[in-house]
Each structure stands twice: as structure tokens, then as C-alpha cells.
Amino acid sequence: MSNTLNHLLDRNVAWVDRKTADDPDFFRRMAEQQMPRYLWVSCSDSRITANDVLDLDPGEIFVHRNIANVVHSSDMNILSVLEFAIEGLKVEHVIVCGHYGCGGVRRALANERSAMVDHWLQPISMLYLKHRAVFDAIPDEAARIDRMCEINVEMQVRRIAATPIVEKAWARGQPLHLHGWIYALHDGLLRDLGPHLSAIEEREALPSIDHRVLHPAEAVSAIRRQALDAFSALEPCC
Ligand code: CO
């Protein structure tokens, strides 16, 4: 067996051929500058790639991914990405996109304590331990994990909204909208869970994350509405 990755390099050449056949100027434009309007923060899971699920070209979305899309206020990586996206690229939207069936969230609920990743997942496991009775009352394990996947999206949107980077952007009047989405692996569809935050006052007006845990019906109804919208949008129009 070869230890080179020529099959991938061949795919790259084929991709370049396809791109330039459709659009001869594509790579010249890419080389000049990027002007993404969106920053995408999602899980490292190999099944959720921003450009694919949003059907966007390179250059259209700036991306940060980590296990279970967690935002740590001491993580230089995400803070650098956030700062450059907002202050340098002037993105207008930051999308935190979790996914159902997230292995990181599953591990956080299993309350493992044996690896580096368990430190990483600590914000999720701490929320779980605080509301263990609520989560454990969901009898189906997959549903329990999915519920935490939803809550985790909202928690991370709030954490981004709490960064001085975002606060400064809002304070100087820069248009900046935060979104919480979730992706379903089984159908490829995105659901808009919220919260949508465009100002410090909106962040301050949110009920607590504990309230969200204790009142799941609010979030579930939003998900169902979004799912229905998504399905109806798929109906052929003519
Ligand atoms: Co995941």
C-alpha cells in the first residue's frame, strides 16, 4: 500500500478543473481577497462542513470548528478567529451550529473524567450535573443527548455574545447578528433554534440558560416550526 495520498491530490486537480471550467476567473478572484459575510462555529465532526451544508463557495464563509462547538473565554484560538472575523473581515453574522447526536455532548453527559477532551467539555457536563434530574427524566438516551445538543448551541451563542469582542462591535454600532442553529445528520437540514442576538440589550433580555433547560417546550416548538418551514421550502414550486 502506498504511503502517499496521491488519490487526494488527484481529486484536488479534478476539482480545480471543474471549478475553472464553470468559472475561469474563480481562483484569480479567490487570490485577491476573501469577503465572507458569515462566521461559522461548529463541531469538528466530519459530517458537518459549512460550505457543503450551506452550498457556499470558498471565500463565502469563515470557519472555526472544535469538539462540540464549545466557546471557552480563555481559548486563544476561537477568540483570535472571532476578533479577526468581526474586526478584520467585518462579518455580519456569527452562526453557532451544533448537531444532533454529537459525540462530544454524549461524552459530557456520560460524565467521563479521564482525558483532555473532558476538560474541554466541562461547560456542558457542568450544566448537565446542575440539571441532572431534568435531563435524566428524558427516558430515551438519544433524545436526552439531542436536548443537550440544543441547549449547548444556546449556551455557546450566549458565550460569544458575552465576549468583549462582540460587545465592542455592538457598542460602536457595527451590524453584527448572532444565530444558534442545529444540523440533523439524518436529513441534512438545518434548524434555527435561536437565540438571535443583535445588541447587548437583547442579550440582557434573555431568560437564563437554566430557564431554557426547565422549559424545553419553548425550544421544541421553535424547532418544529423551523423543521416544517424547511420541509415546505423543499416543495417544488412549479
Ligand atoms: Co459533534
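Start at 1 with the first residue, then count along the sequence. All ligand and atom numbering here is 1-based and tracks the order in the structure.
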Peer 1: Any Lys/Arg nitrogen of Arg147 or Glu150 sitting under 4.0 Å from an Asp/Glu carboxylate oxygen of the other?
Peer 2: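 Yes, charged N to carboxylate O under 4.0 Å.
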Peer 1: I'd like to verify the contacts: list protein N, O or S atoms under a distance of 2.8 Å from the Co ion (ligand 1).
Peer 2: Cys43 SG, His99 NE2, Cys102 SG
Peer 1: Indicate whether any N or O donor in one side chain lies under 3.5 Å from an N or O acceptor in the other, for His179 and Asp192.
Peer 2: no
Peer 1: With sequence neighbours left out, what residues match Tyr38 under ring pair (Phe, Tyr, Trp, His ring centres under 6.0 Å)?
Peer 2: His93
Peer 1: Has Arg203 got a side-chain atom pairing as donor or acceptor with Ala161's backbone, closer than 3.5 angstrom?
Peer 2: yes
Peer 1: In chain order, what residues pass the salt bridge (Lys or Arg N to Asp or Glu O under 4.0 Å) check against Asp25, with sequence neighbours excluded?
Peer 2: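 In terms of salt bridge (Lys or Arg N to Asp or Glu O under 4.0 Å), with neighbours along the sequence ignored, Asp25 is linked to Arg28.
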Peer 1: Connecting only ILVMFWY residues whose side-chain heavy atoms lie within less than 4.5 Å of each other, what is the rest of Ile124's hydrophobic cluster?
Peer 2: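 For the cluster that includes Ile124, the remaining residues are Ile67, Val70, Val105, Leu109, Val117, Trp120, Leu121, Leu127, Tyr128, Leu129, Val134, Phe135, Ile145, Met148, Ile151, Met155, Ile209, Val213, Leu214.
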